[in-house]
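Contents: one structure, followed by commentary.
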Amino acid sequence: YMILANRPGDLAWVSMVMSAAYLALGVLARLRSGDAKAMFGFISLSMMFGTLFIPLYFALNGITLAWAAEAVFLVYLGFLFDYRPVRIGGFIVLLLGVARIFMVHFPILDLHGESLAAFANRNFWTTMCAPIASGLIAIVHHAYRRKATPDDKQIQIICTIGAGLLALVLVSFEIDQWFGANV
């Protein structure tokens, strides 16, 4: 919070440094141990932090985005390393991100602030990260369906339906806000 409050762009650069550090760890893991799974895990984390650079640099809400990205990568790594508690943890992180949207972003009457362009504002895309992450988790579950337990199949169904419903609610709210401001 201290970094974000004083100089918002610094958090984006911290994300880029984290990306570089995980990339270096991935290369070292491959060279030292030859462990392809460890290398792939580190490089996946590097890609996640590199991807977070753009929304953080342009001042989208970092906590919500980080939780959404973390949820997808935890589920993915849980399947990659065949470790069920990490997959469940990823789903819990996704639920925290969705709860944050309804407690922090959604109840605000004017999500647009000064920008009244429908779908072209940072708050809308910050809130849309949760249904996108939920959909990606459903895709990861589908890709690893041979390793899935009955609980994983339930989570896949919840994420698939939840992604669609949450996107529908957020898009409907965005359209309502836009019409309310322009009529």
Side-chain angles (χ1 to χ4, degrees), residues 15-16 18-23 25-27 29-30 33-56 60-106 111 119 122-175:
S15 176
M16 189 55 70
M18 292 292 292
S19 175
Y22 278 118
L23 181 62
L25 285 171
V27 170
R30 181 65 173 181
S33 68
D35 187 0
K37 287 185 176 182
M39 179 206 64
F40 196 64
F42 282 127
I43 291 177
S44 296
L45 289 169
S46 173
M47 289 172 36
M48 178 188 77
F49 280 106
T51 303
L52 282 175
F53 171 81
I54 295 169
L56 289 174
L60 297 178
N61 191 307
I63 294 171
T64 307
L65 292 170
W67 282 354
E70 181 182 8
V72 174
F73 280 100
L74 282 174
V75 170
Y76 173 69
L77 291 174
F79 273 115
L80 183 67
F81 295 111
D82 200 21
Y83 194 56
R84 188 171 167 266
V86 173
R87 296 192 302 261
I88 300 296
F91 180 64
I92 291 169
V93 170
L94 176 68
L95 294 177
L96 288 172
V98 171
R100 180 173 168 77
I101 285 175
F102 285 104
M103 292 188 310
V104 174
H105 302 288
F106 194 71
L111 285 178
F119 307 111
R122 66 180 163 184
N123 288 315
F124 173 72
W125 289 107
T126 298
T127 58
M128 284 302 290
C129 69
I132 291 169
S134 186
L136 289 172
I137 287 173
I139 290 170
V140 169
H141 274 85
H142 182 72
Y144 286 96
R145 65 188 170 274
R146 288 185 181 89
K147 290 185 176 183
T149 66
D151 291 339
D152 289 323
K153 292 176 183 177
Q154 293 291 345
I155 290 173
Q156 179 186 11
I157 292 168
I158 291 168
C159 286
T160 303
I161 294 170
L165 287 175
L166 187 56
L168 181 66
V169 166
L170 295 173
V171 168
S172 297
F173 188 73
E174 179 75 6
I175 291 170

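Values below: all heavy atoms of this structure, side chains included; hydrogens, waters and symmetry mates excluded. Given the structure is predicted, the values throughout are model-derived calculations rather than measurements.
Ile175 contributes atom CD1, which lies 12.0 Å from atom CZ of Phe173 (distance to the nearest 0.5 angstrom). Taken to the nearest 0.5 Å, the OG1 atom of Thr127 stands 10.0 Å off from the CG atom of Leu65.
Taking all atoms of both residues into account, the shortest heavy-atom contact from Gly135 to Ala163 is N-CB, 3.7 Å. Considering every non-hydrogen atom in both Ile137 and Cys159, the closest pair reads CG2-SG, 3.6 Å. Closest approach of Ala130 and Leu166 over heavy atoms only: CB-CD2, 3.7 Å. Residues Ser134 and Gly162 share a closest heavy-atom pair of OG-C, 4.4 Å.
Every residue was checked against the side-chain hydrogen bond (donor to acceptor under 3.5 Å, both in side chains) condition with Ser44, not counting sequence neighbours, and none meets it. Thr160 pairs by the side-chain hydrogen bond (donor to acceptor under 3.5 Å, both in side chains) definition with nothing, not counting sequence neighbours. For Phe73, there are no ring pair (Phe, Tyr, Trp, His ring centres under 6.0 Å) partners at least two apart in sequence or on another chain. Ala167 meets the side chain to side chain contact (heavy atoms under 4.5 Å, CB included) test with Met128, Pro131; sequence neighbours excluded. Residues meeting the side-chain hydrogen bond (donor to acceptor under 3.5 Å, both in side chains) test with Arg30, sequence neighbours left out: none. The side chain to side chain contact (heavy atoms under 4.5 Å, CB included) search around Ile161 returns Ile157, Leu165, not counting sequence neighbours. Considering only residues two or more places apart in sequence or on other chains, Phe79 meets the ring pair (Phe, Tyr, Trp, His ring centres under 6.0 Å) condition with His141, Tyr144. By the salt bridge (charged side-chain N to carboxylate O under 4.0 Å, His left out) test, Asp151 is found to be paired with Arg84, residues two or more places apart in sequence or in another chain being considered. Looking at residues two or more places apart in sequence or on another chain, you find a side chain to side chain contact (heavy atoms under 4.5 Å, CB included) between Ala66 and Leu52.
In this structure, Lys153 places its NZ atom where only 12 or fewer heavy-atom neighbours from other residues, nucleotides or ligands lie under 6.0 Å away. Residue-environment remark: CZ (Phe81) exceeds the threshold of 12 foreign heavy atoms within 6.0 Å.
Using modelled atom types, one side-chain atom of Ser172 and one backbone atom of Leu168 make a donor-acceptor pair closer than 3.5 Å.
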May I have the list of side-chain donor-acceptor pairs in residues 85-101 shorter than 3.5 Å, sequence neighbours left out?
unit_1 : atom_1 : unit_2 : atom_2 : d
Arg87  : NE     : Asp152 : OD1    : 3.2
Arg87  : NE     : Asp152 : OD2    : 3.2
Arg87  : NH1    : Gly78  : O      : 3.3
Arg87  : NH2    : Asp152 : OD2    : 2.9
Arg100 : NE     : Thr64  : OG1    : 3.0
Arg100 : NH2    : Asn61  : OD1    : 3.4

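Counting only heavy atoms from C-beta outward, the side chains of Phe42 and Asp35 never approach each other to under 4.5 Å.
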